[in-house]
Amino acid sequence: MTDISRLIQLQKYFRSGATRSVSFRKAQLRQLKSAILQHEEEIYEALAKDLKKSKEESWVTEIGLVIAELNTAIRHLHTWMQPEKVKTNLVNFPSKSRIYAEPLGVVLIIAPWNYPFQLLLNPLVGAIAAGNVVVLKPSEFAPATASVMEKIITEIFPEEYILYIQGEGAAVLQPMMQDFRFDHIFYTGSTTVGRHIYKMAADKLVPVTLELGGKSPCIIEADANLKVAARRIAIAKFSNAGQMCVAPDYVLIHESVKEEFLQQLKIVIEKFFTKDPLHSYNYGKIINEKQFNRIQQYVASGTVVHGGRYDKEKLYIEPTILTGVKISDPVMQEEIFGPVLPVIGFQDKEEALNIIQQNPNPLSLYIYASGSNTIHYWLQNIPAGGVCVNNSSWHITNHHLPFGGRGNSGIGQYHGRFSFDTFSHRKAVMKTPTWFDPAIKYPPFKGKLKLFKKIIK
Ligand code: NAD
């Protein structure tokens, strides 16, 4: 069967109404949950093979996140699906108004390699909960995880409901996007490919959610708790060897506390990943040689004050701190997406603001400070996808918060209820009874202007 006839089969299945009922959706979510738990060991093995993730890290950042998302959806689905009652304005009296959550149809979910499990299956939870049929496209660069997920998905779902396709992104997806109109595309990955997908989607007026990358700054003010900052920045920056979309990309620190922070940071890096991170249980590897070469070039951009060692064969780059980088260097112009952390001193807020504004609308912003005025200043002055105050990256694990970027870092949001909304259309429905049908609404209109102005304002 060709890819296009498979997609048409999905569309037919959706149009049959099979995915609509709450019982169907819940059953699929429960099935997905139990299949994931059944294959838990294989998922750990795959994530270790692709990215050298430990079991603990894999649970916290991949499997556990999906299980939590599933539990939330199973628990709240019935409520989410209820039509929302809203008020009706005077001119439409005595109508009643509701907003119905309507499934979108055939949705395409495209995932990257850095959190290959959760970035494919978390959006899937929202898509199933909202009653859609789905095409799943994992990243070809995390092949072990892609094949375990294929096993899980094809074991429990027929392909006219959830279709799992593998292969090189452009080769597999472009013909599909050209010859078939998806009802929604949910893409996570680089801004460059995201832009390309947006253009292709625009051609058929397909709505998109784009979860992209960028440079997420970390600001440390003079009144910050430096010990805590060092721990929270180090774990967020160096877990998964820095290959995290919400990792602190670089640190802007008040010059007066820079040296002290650097000392603290070096101490915690050794504590978390030992003096030999290559052999640390807690430290990952770079996904492939292409990414290794790209990240390794950044190391030469400034003065290495910690780390700097690498081993190409093992795809290893040590947690590395750089100082003395120039803002015009590639390391400060491109998303680093690896374990290299430039630390740049600033004297006043304006100087720091100018640096951040070179890459506006970051996916995340991290503010380390005590004074509420200072925190307020940064919250007000940097438009960003999301923010942590005195923390880094953990906001994405709170499903009560929407997750997504803005501008260059993305379009749309998901997680928890926000995922259900992303994969639903909010259909406005007004029901008007027939017992009241005032003549004022019909011609002749002459002379009614005064009354209209009273009613419609
Ligand atoms: P990638 O190369 O694996 O690409 C992502 C997906 O796009 C893959 O499934 C790939 O097959 C597909 N693809 C590639 N080219 C395509 C094309 N021309 N047409 C259609 N599909 C295509 O991953 P990546 O892009 O290297 O991922 C890293 C980037 O993703 C970083 O910039 C990172 O910040 C970002 N990211 C963002 C988030 C987020 O939630 N905002 C999460 C993780 C990663």
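Whatever order the structure lists ligands and atoms in, that order sets their numbers, starting from 1.
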Give one line per pair: atom of ligand 1, protein atom, distance. Only N/O to N/O under 3.5 Å.
| residue | atom | partner | partner atom | Å |
| --- | --- | --- | --- | --- |
| ligand 1 | 3 (O) | Ser139 | OG | 2.7 |
| ligand 1 | 9 (O) | Ala111 | O | 2.7 |
| ligand 1 | 9 (O) | Lys137 | NZ | 3.3 |
| ligand 1 | 11 (O) | Lys137 | NZ | 2.9 |
| ligand 1 | 11 (O) | Glu140 | OE1 | 2.6 |
| ligand 1 | 11 (O) | Gly169 | N | 3.3 |
| ligand 1 | 18 (N) | Gln174 | NE2 | 3.2 |
| ligand 1 | 25 (O) | Ser190 | N | 2.9 |
| ligand 1 | 25 (O) | Ser190 | OG | 3.4 |
| ligand 1 | 26 (O) | Trp113 | NE1 | 3.1 |
| ligand 1 | 30 (O) | Gly189 | O | 3.2 |
| ligand 1 | 30 (O) | Ser190 | N | 3.3 |
| ligand 1 | 32 (O) | Glu335 | OE1 | 2.6 |
| ligand 1 | 34 (O) | Glu335 | OE1 | 3.3 |
| ligand 1 | 34 (O) | Glu335 | OE2 | 2.6 |
| ligand 1 | 41 (N) | Leu212 | N | 3.4 |
| ligand 1 | 41 (N) | Leu212 | O | 2.7 |

Does a side chain donor of either [X] or [Y] reach within less than 3.5 Å of an acceptor in the other side chain?
X: Ser392; Y: Tyr368; result: yes
X: Gln243; Y: Gln291; result: no
X: Tyr13; Y: Gln9; result: no

Worksheet item: Between the main-chain N or O of Val331 and the side-chain N or O of Lys215, is there a donor-acceptor pair closer than 3.5 Å?
Response: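 Checking the backbone N and O of Val331 against the side chain of Lys215, a donor-acceptor pair under 3.5 Å is found.
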
Which side-chain N or O atoms in residues 188-199 pair as donor and acceptor under 3.5 Å with protein atoms at least two apart or in another chain?
| residue | atom | partner | partner atom | Å |
| --- | --- | --- | --- | --- |
| Ser190 | OG | Val193 | N | 3.3 |
| Thr191 | OG1 | Asn408 | O | 3.4 |
| His196 | NE2 | Gln174 | NE2 | 2.8 |

Worksheet item: When the ring planes of Tyr316 and Tyr283 are compared, do they come out parallel, tilted or perpendicular, using 30° and 60° as the limits?
Response: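 Perpendicular.
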
